[in-house]
Amino acid sequence: MKKQLLLYFFATLCTNLFSQEIIENPKYGSYYKKYTEITKIELTDNETILHITSKNKEKNWIKVPRTIYISDENSNKKKFVIKSEGISLDTKTTLNNQNEISYKLFFPPLDKSSNVIDLKIEKEANGSWKGQPRGSITLAYRVEIRPIEKVDSQFSNMSLDNGFIKAKQENKNVLLFFTAPWCGPCNWMKKIIHTDESVRTIIKTNYIALEINRDTQKGTKLAKQYNNSGIPFYVLLTPENKIIKTQTGSRKKDVFVEFLTPEETIIPKELEKPKTKTKEIDPGLGLRLGAVKNNIGNSSLNSRTGFTADLFYSKEIDNRFLFRTGIGFNSKGYEDFSINYLRIPFDFGVKVLNGSLINTQGGIRAMVSPYYAYKLNKADKGLRNDDYGVRFGLSHYIGSHNELELELYYEHGIQDVFKYINGKQNNRGFGVSLLLSL
């Protein structure tokens with residue numbers, strides 16, 4: 001009898017041990033400004049336990065409501081808190097001397113296929129009318145509870161024309177996925193949703209799937225063709241290039257699966273072809289600050305480091321061409337003598353590369369900039385009153401409408417600096433400018 005009891009106890013202990021999964025210091029995308037940090041997660045067949053440390057720099061207390069819940073990447077189903085340890089729900093709890101507190105929250109068990117959870121608080125939407133839809137506050141975003149296996153992407157980089165040819169050959173529709181290296185929601189969809197086995201099966205069975213970089217010239221052109229305004233952006237197409245449906249933004253698995261399985265009653269839409277070619281123009285005001293190492297050519301005068309400051313107005317056309325002009329101050333000269341100019345630039349740029357060097361939205365432009373400058377100093381010293389020339393540069397910018405831009409350039413003045421000296425004595429220099437377009 002004792003032997004049987006011992007075996008039963010051992011079996012029960014093993015079952016409890018092996019059915020429990022513990023994740024220490026899980027990775028997650030972000031957490032709430034009150035610094036609610038999940039330090040450990042315990043997963044069992046009966047419950048999900050979150051070990052949490054909360055901090056509050058503004059007050060010496062926190063309050064955890066009963067409307068706190070978790071949800072996974074598979075659906076929008078909410079699993080509300082069952083109980084707590086170390087803190088009382090719906091009650092103000094005083095923090096320690098470091099203005100923090102550690103506690104545990106207990107939730108219903110998660111599905112075995114769940115890999116990522118969000119921790120949120122449900123609350124009434126702002127407004128005075130009863131019956132308004134509830135909103136939510138996200139405390140911890142995209143918390144990884146299990147390691148996600150790396151699998152090969154089903155989205156090909158083949159051309160769209162070849163994709164349609166293959167779709168006709170295999171009697172499948174076409175799925176387009178517009179993305180960019182800097183896009184966080186795109187990368188989340190690729191890592192969490194696209195890798196799900198049921199999603200992979202649907203795509204493999206029904207679609208020729210193509211991934212398109214929105215930051216390339218070709219990607220930008222295709223995005224306009226399908227009326228895209230944001231990423232991630234998905235388009236379902238027939239092999240004849242008729243739109244079945246589109247979706248913008250990241251989605252949980254059940255919503256994405258629903259998108260991938262359209263009803264047969266949906267009638268594909270013909271693409272609307274514009275009657276006339278239109279140009280998209282994005283204007284903007286901005287400020288430019290820079291430094292230039294100036295040298296007066298064909299002379300024995302020492303070089304001098306000066307600076308520039310400009311206010312400008314720019315127009316970007318079709319996300320490719322740029323025109324910029326304005327008015328500014330330019331300090332050049334030689335040795336210890338500065339020559340100050342009022343400068344009017346005329347910048348012309350063309351985008352030569354889409355995408356930023358630091359993995360954000362942006363691009364690289366080649367610049368050609370004729371300019372005219374009028375001397376401001378009263379001291380004459382046999383100097384001419386004006387100057388003109390051209391600047392050649394390469395600029396790297398990040399952003400779309402509000403741009404931060406770094407430009408490296410060489411400028412070459414054509415006008416002689418001095419009135420009465422024979423031979424060319426023109427301003428030449430290498431410089432760097434930092435621009436902010438609004």
Side-chain angles (χ1 to χ4, degrees), residues 16 19-111 114-148 184-185 187-188 191-192 249-253:
N16 288 332
S19 64
Q20 184 182 41
E21 189 175 353
I22 297 177
I23 301 96
E24 299 279 356
N25 300 313
K27 297 179 181 179
Y28 47 89
S30 61
Y31 53 87
Y32 187 54
K33 64 181 180 180
K34 300 296 184 183
Y35 305 102
T36 300
E37 185 174 1
I38 300 173
T39 58
K40 184 166 71 172
I41 301 174
E42 295 180 57
L43 303 174
T44 72
D45 293 335
N46 301 318
E47 58 192 2
T48 303
I49 307 170
L50 303 188
H51 295 247
I52 299 174
T53 297
S54 291
K55 302 177 183 180
N56 193 335
K57 294 184 178 180
E58 302 170 4
K59 302 173 183 176
N60 66 345
W61 57 268
I62 66 166
K63 183 178 179 182
V64 178
R66 292 187 179 276
T67 56
I68 193 168
Y69 67 91
I70 58 175
S71 63
D72 62 17
E73 79 276 18
N74 294 323
S75 72
N76 291 315
K77 186 177 180 181
K78 302 172 183 178
K79 298 179 182 291
F80 287 93
V81 65
I82 299 171
K83 63 177 182 177
S84 63
E85 287 185 9
I87 196 170
S88 297
L89 298 173
D90 276 339
T91 304
K92 288 184 179 180
T93 303
T94 304
L95 306 180
N96 61 20
N97 293 334
Q98 285 77 40
N99 276 0
E100 66 179 37
I101 187 172
S102 296
Y103 54 96
K104 292 192 287 186
L105 297 179
F106 296 75
F107 299 89
L110 287 168
D111 188 273
S114 301
N115 294 310
V116 178
I117 61 170
D118 294 334
L119 178 64
K120 298 184 178 183
I121 294 175
E122 185 181 68
K123 62 177 295 184
E124 294 286 355
N126 293 330
S128 58
W129 294 100
K130 292 183 178 181
Q132 279 195 313
R134 286 179 173 266
S136 63
I137 296 175
T138 302
L139 300 181
Y141 184 57
R142 293 174 180 170
V143 185
E144 295 186 17
I145 59 175
R146 292 189 180 93
I148 301 166
N187 293 330
W188 185 83
K191 182 178 181 181
I192 306 299
S250 60
R251 295 291 189 274
K252 296 200 173 184
K253 189 184 84 172

Restricting to pairs with a member in residues 70-108, which pass ring-ring contact (aromatic ring centres under 6.0 Å, His included), not counting sequence neighbours? Y69-F80
State whether the side chain of T48 and the backbone N or O of P108 hold a donor-acceptor pair below 3.5 Å, judged by distance alone. yes
Measure from the side-chain N and O atoms of S250 to the backbone N and O of P185, and report whether any donor-acceptor pair falls under 3.5 Å. no
If you measure from NZ on K77 to CD1 on I70, what distance do you get to the nearest 0.5 Å? 11.5 Å
For the CD1 atom of I49 and the CG atom of L43, what is their distance to the nearest 0.5 Å? 9.0 Å
side-chain contact (heavy atoms from CB on, under 4.5 Å) between K27 and V143, worked out: CA-CA 6 Å; K27 297 179 181 179; V143 185; over 6 Å; no
side-chain hydrogen bond (donor to acceptor under 3.5 Å, both in side chains) with S102: which residues, sequence neighbours excluded? T53
Side chains of S71 and K252 only: does a donor on one sit below 3.5 Å from an acceptor on the other? yes
Derivation of the side-chain contact (heavy atoms from CB on, under 4.5 Å) call for K79 and L110: CA-CA 9 Å; K79 298 179 182 291; L110 287 168; 4.0 Å; yes
May I have the step-by-step check of side-chain contact (heavy atoms from CB on, under 4.5 Å) for H51 and T39, ending in yes or no? CA-CA 6 Å; H51 295 247; T39 58; 3.6 Å; yes
Inter-residue atom distance E122.CD - K78.NZ, 0.5 Å rounding: 3.5 Å
Answer yes or no: is there a donor N or O on one side and an acceptor on the other, between the side chain of E73 and the main chain of V116, under 3.5 Å? yes
I need the I192 CD1 to K253 NZ distance, nearest 0.5 Å. 12.5 Å
Is there a donor-acceptor pair under 3.5 Å between the side chain of D118 and the backbone N or O of R142? yes
Pairs where residues 83-99 contributes a residue and the test side chain to side chain donor-acceptor pair (under 3.5 Å) is met, not counting sequence neighbours: E85-K104
dist K55:NZ -> L95:CG (nearest 0.5 Å) comes out at 11.5 Å
The single option from V64, L139, T138 that satisfies side-chain contact (heavy atoms from CB on, under 4.5 Å) with I121 is L139
Which pair of non-hydrogen atoms, one from L89 and one from P65, has the smallest distance, and what is that distance? CD2-O, 4.3 Å
Would you give the length of the straight line joining atom CD1 of I52 to atom CG of L119, rounded to the nearest 0.5 angstrom? 5.0 Å
Any idea which heavy atoms bring S114 and D72 closest together, and the distance? OG-OD2, 2.6 Å
Any side-chain heavy atom of I38 within less than 4.5 Å of one from N25? no
Scanning both residues in full, the closest heavy-atom pair of I62 with S54 reads CD1-CB, 3.8 Å
